[in-house]
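Shown next, in structure tokens, is the structure this report addresses.
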Amino acid sequence: MGEKLLMKGSEAIAEAAIRAGAMAFFGYPITPQNETPEYFSRRMPELGRVFLQAESEVAAINMVYGAACTGTRAITTSSSPGISLMQEGFSYIANTNVPCVVVNAMRGGPGLGDIAPAQADYFQATKGGGHGDYHSIVIAPHTVQEEADLMFDAFELADKYRIMVVVLVDGLLGQMMEPVEFKDWVDVKKFKTPEWATVGQGDRAQRNILISFDILAEGLEKMNLVLQNKYAKIRENEVRFEEYKMDDADYAITAFGTVARIAKTTIELARNEGIKIGLIRPITLYPFPEKVIENRASNVKFFFDTEMNEGQMLEDVKLAVNGKKPVYFHGRLGGIVPTAEEILDEFKKHLGG
Amino acid sequence: MATLQEIVSKQVPLAPGHRMCSGCSIPVIVNTIIAASDKPVIIANATGCLEVASTIYPFTAWKVPWMHLTFENAAAVAAGIETAYKAFKKRGKMKDDVNIIAFGGDGGTYDIGFQALSGALERGHKFLYVVYDNEGYMNTGNQRSGATPFGADTTTVPAGTMSIGKTQWRKNIVEICAAHRIPYAAQATAHNTLDLFNKAKKAFAADGPSFIAALQPCTTNWKYDTALTMAYSKLAVETNFWPLYEVENGKVHINYKPKERKPIEEFLKGQGRFRHLFKPENRHVIEEMQKMIDEEWERLLKLEESQVQI
């Protein structure tokens, strides 16, 4: 770890990605995350790495796809409407089994929406988004420090599983400034070209082929099963979450990203009044931390899920709780950020007698 | 031929109170072009400065039918409107003639919207596409685009000790559009309002797709005094940086030839985005720019003289 710096989230993401060994950035302008590509545009050439502004998001993600096929650590960053345009590329990347990192600074939707922070792309990110049976690993930091830390993990996970990793943030986490300490630089000189990469046949007996299709259904089913096996391993090994004040909690709030940090204040307010609430904060949204939620269902009286959407993670929480306890919800839409007091007021409505 | 007085005395379709930056000439471009239409207009507007600043929710500055679209689809939606309109006319459900206009910035025209534009021009829909060209993604904070000139400093091609800013020449969008064999394509500016007005007239009269690229000096990101928009617009023409010309049925006609071409420095001077070019080590960039501009002008003169089809 180095010195402590005061940085904007959107720039900390770029700096962390660079230190984590991102060799190529491809992107296209969109608010509210332009600071990220702008930061890359200054830093990448200094290090002899690639910064390229594409002519559209469709081009940007396919440039990432191309770079990823050579085993290069590649990244793009965008915001909701831009991410929608990239979905076809995501789907191809999934079935071709190549690694890359995508940051989505979510904004209010649907359609053009607005540029205020939102969490309404949860379904799109965690359930696939593009066509076909696929998943990406989805991670959701809630502080600038965590944004910086998880960028390193994002690249590691992408390479380990040859999968796309989505870092799901929002404009609020991008614009806020917080102290941040970066992990040590990844030594990119030690990078070896992966065996599967398409970089010319070289000394291999056969050339590498990366492919996202099989025209015969039997073959395509096998390809799908390879993906599903990979997802099973990821669900087994890569679940991450934070439990906050859950040990003595009578109630559990579930929340991720921006809302999770607000919920921590809600919990302080509630505990001052003697109401023991804890927080279960999924850090990986896919794979989803269903076991911890299932286990806590025997300790708490009910769950209270809160998000900046109309109840998207709520569905995963309900599946995990599986009817053992009630799951209540409070959400704000279209880019409105709830306050800690508002969440507490909504929570209290369910306390009953 | 209309007089300036007649043009400005027409009721403007874009109401005052919009949120365009002070010194922005987009409203002049939009109002002049629509003033040239003697039929009702329908506007398809891509995401960009014009759209954002004219429709701050829940308000709108538009007094004419207007539709906002995704960044990449102004030409596609205009094509859809035109197709529906033709179908309605055929069935007798509509009687009035209309002019369909698509407005896009240079990002939405040269870059992300280019596929839709090319498709609509090739299919031959009768509509006018207008790019207000401020030479970059100005609404999102000055990122480079396919229209950004050689040597300009932007946030994604920043100038510095290792870089002169953008190292590519901008696309020649007027000739690219003309190469679709459309009946009318032209290059214009806001300062020469009569020229812009006349070009819009010709565009509306064309039997098929038409295209106008209007230079839109951006006080915010070209970084100059807000009072100087028209001055820079004029300098762009006087230096041959942005010649006023049109391509009618493939034949080039230059609308204005400066008596004495001014050196490009006069256009670059005072613009923050070119400030770095005046350092001694970057003089060669200005020289290269001058050479390119002179060569392009010579080529344009030859095209006009020979009347070779573009």
Side-chain angles (χ1 to χ4, degrees), chain A residues 8 10-11 14 25-62 76-86 88 105 107-116 171 174-175 334-335, chain B residues 45-49 51-52 55-58 67-74 77 104-118 136-148 152-168 170-171 173 176 221:
Chain A
K8 257 190 182 184
S10 50
E11 296 188 336
F25 173 93
F26 305 96
Y28 187 73
I30 189 166
T31 310
Q33 60 84 56
N34 287 311
E35 292 90 346
T36 308
E38 284 168 15
Y39 193 89
F40 275 113
S41 80
R42 283 197 301 277
R43 294 280 282 137
M44 296 295 258
E46 288 173 357
L47 299 164
R49 302 185 191 178
V50 171
F51 168 86
L52 201 160
Q53 186 187 317
E55 70 274 25
S56 68
E57 284 91 351
V58 175
I61 191 60
N62 284 290
T76 186
T77 65
S78 190
S79 177
S80 306
I83 295 288
S84 289
L85 276 170
M86 293 184 184
E88 183 194 43
R107 63 188 232 186
L112 182 71
D114 58 23
I115 54 172
Q175 296 301 317
Chain B
N45 191 183
T47 298
C49 291
E51 168 266 325
V52 167
T55 55
I56 305 281
Y57 185 82
M67 182 172 178
H68 165 249
L69 330 152
T70 53
F71 203 4
E72 67 278 16
N73 280 314
V77 173
D106 50 285
T109 304
Y110 289 62
D111 296 347
I112 195 167
F114 184 69
Q115 178 175 310
L117 172 61
S118 179
Y137 292 82
M138 300 326 193
N139 175 47
T140 52
N142 192 21
Q143 293 84 15
R144 62 94 82 189
S145 80
T148 303
D153 174 36
T154 78
T155 53
T156 51
V157 278
T161 50
M162 302 299 289
S163 169
I164 59 153
K166 193 180 169 191
T167 54
Q168 297 88 8
R170 75 175 182 95
K171 289 186 196 175
I173 197 73
I176 291 169
N221 289 315

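All values reported here derive from a predicted model rather than from experimental measurement.
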Practice task
Sequence neighbours left out, what passes ring-ring contact (aromatic ring centres under 6.0 Å, His included) with F51(A)? Give chain and number order.
Solution key: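 Residues passing ring-ring contact (aromatic ring centres under 6.0 Å, His included) with F51(A): F25(A).
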Handout entry: Shortest non-hydrogen separation from T148(B) to Q143(B) and the atoms involved
Key =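 Taking T148(B) first and Q143(B) second, the nearest heavy atoms are OG1-O, 4.4 Å.
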Handout entry: Nearest non-hydrogen partners of A105(A) and Q33(A), listed with the distance
Key =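 Minimum heavy-atom contact is CB-CB, 3.9 Å.
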So for [X], is it side chain, backbone, both, or neither that comes closer than 4.5 Å to the heavy atoms of chain A?
| X | answer |
| --- | --- |
| E72(B) | side chain |
| S163(B) | neither |
| Y110(B) | neither |

Practice task
Quick one: list whatever passes side chain to side chain contact (heavy atoms under 4.5 Å, CB included) with S84(A), sequence neighbours left out.
Solution key: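 S84(A) satisfies side chain to side chain contact (heavy atoms under 4.5 Å, CB included) with Q124(A) once adjacent residues are dropped.
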Problem - Which residues share a side chain to side chain contact (heavy atoms under 4.5 Å, CB included) with L47(A), sequence neighbours left out - result: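 Checked L47(A) against side chain to side chain contact (heavy atoms under 4.5 Å, CB included); matches are I18(A), R49(A), W185(A).
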Practice task
Give a yes or no answer on whether the side chain of S118(B) reaches the backbone of F114(B) with a donor-acceptor pair at less than 3.5 Å.
Solution key: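 No: the side chain of S118(B) does not pair with the backbone of F114(B).
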Problem - Min side-chain heavy-atom separation H68(B)-T55(B) under 4.5 Å - result: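 The answer is no; the side chains never approach within 4.5 Å.
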Practice task
Pick out which of T156(B), D111(B), N142(B), T154(B) makes a side chain to side chain donor-acceptor pair (under 3.5 Å) with Y137(B).
Solution key: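 Of T156(B), D111(B), N142(B), T154(B), side chain to side chain donor-acceptor pair (under 3.5 Å) with Y137(B) is met by D111(B) alone.
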Exercise for the section: Heavy-atom pairs under 4.5 Å with chain B are the metric here; pick the option from P29(A), P32(A), A59(A) that has the most. Expected result: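 Among the listed options, the one with the most contacts to chain B is P29(A).
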Problem - Residues of residues 35-45 of chain A with any heavy atom under 4.5 Å of a heavy atom in chain B - result: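 Within residues 35-45 of chain A, the residues under 4.5 Å from chain B are E38(A), S41(A), R42(A).
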Practice task
Name the region of L85(A), side chain, backbone, both or neither, that has any atom closer than 4.5 Å to a heavy atom of chain B.
Solution key: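 It is the side chain, since no backbone atom gets that close.
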